[in-house]
Structure formats: C-alpha cells, structure tokens
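Below, chain A is the first sequence line, B the second, and so on; all start at residue 1.
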Amino acid sequence: MPIRFTSRPGLVAYLTAGDPDLAASREIALAAIDAGADVIELGVPFSDPLADGPVIQRASERAVKNGTTLGNVLALAGELRRERPDAGLIIFSYYNPILRYGLERFCTAAEEAGVDGVLATDMIVDEAGEYLKYLHQHHLAPVFLAAPTSPDERLEKIAAASQGFVYAISRVGITGTQKALASDAENLVKRLRRYTDLPIAVGFGVSNAEHFAAVGEFADAAVVGSALVATIEQAGREEAPSSIARFIRGLRQPELQAR
Amino acid sequence: MATTVPGTSTGRFGIYGGRYVPETLVAALDELEHAYAEAQADPDFHAKLDGLLRDYVGRPTPLYFASRLTEQLGGAKIYLKREDLLHTGAHKINNCIGQGLLALRMGKKRIIAETGAGQHGVATATVCALFGLECVVYMGEEDMRRQELNVYRMRLLGAEVRGVDSGSKTLKDAINEAMRDWVTNVRTTHYLLGSVLGAHPYPAMVRDFHRVISREAREQFLEKEGRLPNAVIACVGGGSNAIGAFYEFIPDKDVRLIGVEAGGRGTVLGEHAARFQGGAPGVLQGAFSYVLQDDAGQIALTHSVSAGLDYASIGPEHAQLHDSGRAEYVSATDTQALEATVTLARTEGILPALESAHAVAECIRLAPTLSRRDILMVNISGRGDKDMGILSRELNLKGA
C-alpha cells in the first residue's frame, strides 16, 4: 500500500470529486500529487453532508448537480492510479452512497481501481463489523476519525481498527478553515499516540503554511481540505490545477504561497 | 441496491437503527444514553415527568367517540385520541418535557432543535422557557414560509429561529444544520431531537416519552368499550406520534396498526414522502432505515402539503414493524388530507393539523369497509390552527 509520508508533515489533500467536473478533478488531483501531496482523498459528493462546513457543502452540491456518482469517483481513482502509481489514494464518503452501491461491490471495485483506503465520515468503529470484513478482504485500509471528544477507550479501538493512518480531528465542529489551530489537536495526538505506531494525520481547519508547520511539530501529516476546495472555487476551472499546485507548494515554502 | 446488513452496535430494531454519526458526537450520545438509563431508574425523575405531564401539559388526553363522523361514514365506530388538546397543540410536548428534564440532569444549558411544521420547535421553545434554558431552533426556509405563525410563536417564547436555505429548505435540511451545530457545541449543548429518528438512543428514548399515548388509550378503550380497537391509525413523518399510539398495542396481535405516510401530489420520486412505497434501506442522519434516494444513494427531495410529514426517511422502529408485517403503512395524498380536514371540522368541530389529517383520510377510506361492531382509533396528533394560511390558500371555501 502506497500510503506513506515522505517528509514531515506529510500532506493529505482532500478534493470533492466532480467539482467543478470530473475531468477537472483529474487534472487537479494530478497537479496536487506533483506538487507534493502524499495522499489524495477523493471526496464522494453527497446530498446531505452534515459533517461539512459551507465550502465543502457548496462543492458537494455542485458535484451532485452535475451527476457525479460513486461509480464515477472509482473510475477517476483508477485513472489516477494508472497515471501516478506511487500516490496514496483514499475514497472519502458518507456511508449511504457506499451502501447503495453495495458494500462488497464497492470494495471489489475500489481494489480493482487501485484505491488504498476508505474513510466513511459517518461510520464509527462500533458499527464497522461488516464494513471492516469487506475492506480487509479487498486489501483496503480503513481510516477512522478520532475526535477530541473521544475518550481513551474509544481511541484505543479507533487506533486498532485503522490502517494506513489515523485521522485526528483538530477540534470539535464541522470542516472548514479557521484562523488559529485549536489546542485540542496536540493533546489528541498525544493521547492517540499511546495506542498506535501508525502515522497520525491532523485535519479540520488546517488551511495555511503556518498551521501546516504547526501540525508538523506534533503529528506525522496534515489533512488540507476546505482550503483546497475554496481555492478551486475561486480559481475557476481553467486555473484550478495551477492554483492548487501553487497552494500546495506554498504550504511547505510559505514564500511561494504569497505569489 | 443495498443487500448487506450493516452494523453490529446496540440500539437496533431488527437490522434497523444503529449509530451512523461523526465520531465527535459519539461521546455525547453515550452520555445521553447513560443519563437516560439513570433517569429511567430514578423514581424522582418519573415523579417530575408525570407531574408536569399532568399539571402543565394536560394529560391524560381524552379518547373521544366521534359519533357524527361514525354516522356519516356508516361503518366502524371511530374514536379520536385527542393529542391536539395538549399544551402547545400537539403530541410533541411529551418528548420535549422528558428531554428537557434530561438536559437539566446533564447540566446542559443550551438546547438546539430542528422543526418541520414548527410544532416540535414550539414545544421545545416552551420547555426551554419553562426550565430557563437557551433555545435555538433550526427550520427550513420553505417551512418558515408555510408555518409562519409557529415561527412567531417560537420567537415570542424566547427562542432563536435560524432559517436553513440548503436542499429543499425543509425538515431534512434543518436536521443537517442542527447536527452541524451540535458537533460544534457538543460540550455545552443538548440536541433535543423531535422524532424517533437519528442515532441511538434517540429512536428508543423519544418513543418511550410518547408511549403514554397508547398506554392511556388502551386503558380508556377497556373502560369505555370493554375491549381493544380493531385498528389504530396514525400519520407517520419521522413517526413519533405513530410509535406512541402503536407501542402498547404491539403485543395485542388483533389490533391492526396503520401508519399513514404523505402521498403528496404524485408517485414520482420527489413528489411525495412515502418511504415504504418509493424508498430503499439506507443511512440518513444517524440511522439505518428506509430512505427515499436515487440510484447513486443521493437523498431525494420530498413533497407534502404538511411540513411535518415532508421527510425522506422514517424512524427505524417503523422499518422493523413494516418488514415484520406487524404494522401496515399506507399513504394519503395532499388532496385527501385537505378533504379530511374539512370533513372532520364540519362533522365534529375539530380542526386537525394537516399531518393528523392524513390519518383522518385513511380512517375515512377504511371505516365504511368495516362493520358497525368494529372500532377504530385515530390519533389526532395536533391541531390545525398553524395551518390556517395553507388551508385558506388551498381550499376555495364558499363564504370563507
């Protein structure tokens, strides 16, 4: 499995697949990988993204409206895998599209496409019996979320069920940018570290070079989502790949982001 | 098509229910489950709850024999369970008092809620005023428009009403926004969910707060008729009044349980809210149940003249009752519900909420097919004052 982080912090880049359209998502994802994203999270658009803030809600709505389905996202993952054999690829979805597609059928297709792992926002370890069975059968890494509100006994279960990396949510709340990185994050990573040797990626609100560097002080990787999706929204279709590349390079070299 | 049975957690009704939520909320759901279990075992909690239900809410509600409606339909004897007579005008207050007491026990001073028709929002705002709690109600902008009297009532009671303009701007979208608030303010806030929906423990807990409806009705039938009814009819949005009206009759196998969904204005996806006719098992807003959705798993838009039934999923316990065959689910159209409203108003002088009118419509269809020895109960879950605007637009009443 090519989920690995070559520098610290590593970068997990979230994109809502199909925003603004699937062909654009392909170019944007390739640009993100070439600019230094270690792992791409391909977000499956959903009509009711209740864990997401306004930026990803809008992206999701645009992608649903242009007809993007889980099947399309799996095909996109297959293309990215052929083009960039070494990039980490995660399918990031609410559970219902996966359930409707069929859990087993989804896992089969994801494995065939060369997907490395799956993160389902509303799938918690307590419900994951069948889910884990099929993911394991198809060599897909289950990535679970850990929250600042999760007590230690849950963190232990989350760490034990996760593969590839564990996604630590930096703060209570929905996805979206924020001015300062919450102090919750470091404490959560410390608590989580007691239960796992897997890389720990911190997400929710990581939106600039300063946050990115701060995460690198205490975690293995940072997940950047809403800031990328907002960049795509502002850049427009033609400019989006180059804007994303510039943004990602700027996370590691702040002087580039200023342009 | 979903073929696998998901999940292994507790909080299941057969295969339905469970907990499909962001991890951030799990600790709060555990806390609620724990607080509820403790309260259940605490006589003081029951004494407070029962006292408020009696003295503040107005329980027990009458079981009223509707003799003129019975005569006009010429079939089964029709009884109405008068939840519309409760304080705030609907059954919703039963649950709000219960959860309000739980919020006090948990030390949570801020309450959020979603509302469709506004009845749950009004009941929540009322309980927050009574207990001195901060109250924020999320409501779809479409629903705010069609139930504007209730918006004003909530504000008058001191609640903040936040309009939601995503999706179809109705109940489902209000729940999404309430969940986003809860996940952000979970440490200080209790989400006072208004139906038997969402993640465990909500469907079982909300049901328990409404069981009093069938507990009373069962005793009232034994007292008035010396026997149980042949059928109990209730409308089903999320399904809280229906599960309350059904629950104590479930072991009585001879009592038919009939849930009435919103048939809206057509059978095409998007034109109705009949989950058992057009839906498939899926996960929405925390629970596995029947969901109106497209082939890609995107949740469908819904339509009903009644905001309280206008929702894409249904409580997971109803899904189990449906699959096991213990309850039957039918639908009534917008037109049938509007006609039933007028019929009940003019035969009995009782103006039902448009939601409850769906149950009345099924009663009007069913009663004439039964014998005069048969007995029906219709749960009048709420009163229709809130619907005056819609009724005056939809009905062209002569002289009105």
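Taking the charged nitrogens against the carboxylate oxygens, A:Asp126 and B:Arg19 have no contact shorter than 4.0 Å, which rules out a salt bridge.
With a 4.5 angstrom heavy-atom cutoff, A:Leu145 touches chain B via backbone and side-chain atoms both. For chain B, the nearby part of A:Asp52 is the backbone; its heavy atoms alone come within less than 4.5 Å. Heavy atoms of A:Gln57 lying under 4.5 Å from chain B belong exclusively to its side chain. For B:Asp295, the parts lying near chain A are the backbone and the side chain together; criterion is any non-hydrogen pair under 4.5 Å. Proximity to chain A is absent for every atom of B:Ile175, based on heavy atoms less than 4.5 angstrom apart. In this structure, no portion of A:Ala120 lies under 4.5 Å from any heavy atom of chain B. For chain B, the nearby parts of A:Phe46 are the backbone and the side chain; heavy atoms of each come within less than 4.5 Å.
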**Q.** Derivation of the side chain to side chain contact (heavy atoms under 4.5 Å, CB included) call for A:Phe144 and B:Glu23
**A.** CA-CA 9 Å; A:Phe144 285 97; B:Glu23 172 64 23; over 6 Å; no

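Separation of atoms CE (B:Met179) and CD1 (A:Ile174) is listed at 12.0 Å; rounding is to 0.5 Å. Atoms CG and CD1, from B:Leu29 and A:Ile124 in turn, are 7.5 Å apart once rounded to the nearest 0.5 Å. Rounded to the nearest 0.5 angstrom, B:Leu284 CG and A:Asn96 CG are separated by 7.5 Å. The CD atom of B:Gln298 sits 12.5 Å away from atom NZ of A:Lys65, with the distance rounded to the nearest 0.5 Å.
A pairwise comparison of heavy atoms in A:Leu99 and B:Gly282 identifies CD2-CA, 4.1 Å as the closest pair. The minimum heavy-atom distance between B:Ala280 and A:Arg100, with the atom names listed, is CB-NH1, 3.0 Å.
Under the 4.5 Å side-chain criterion, counting only non-hydrogen atoms from C-beta, B:Arg180 is not in contact with A:Pro54. Side-chain contact between A:Asp48 and B:Ser166: absent, with no pair of heavy atoms (C-beta onward) separated by less than 4.5 Å.
Of all the listed residues (B:Ala312, B:Gly167, B:Pro22), the one sharing the greatest number of non-hydrogen pairs under 4.5 Å with chain A is B:Pro22.
Under a 3.5 Å cut-off, the side chain of A:Thr149 and the backbone N or O of B:Thr24 do form a donor-acceptor pair. Remark: the backbone N or O of B:Ile299 is paired with a side-chain donor or acceptor of A:Ser47 at under 3.5 angstrom.
Within residues 152-162 of chain A, the residues having any heavy atom less than 4.5 Å from a heavy atom of chain B are, in residue-number order, A:Arg154, A:Ile158.
The 12-atom threshold is not exceeded at NE2 of B:His34, counting heavy atoms of other residues, nucleotides or ligands nearer than 6.0 Å. Annotation for B:Lys169: atom NZ counts as buried by contact number, over 12 foreign heavy atoms lying within 6.0 Å.
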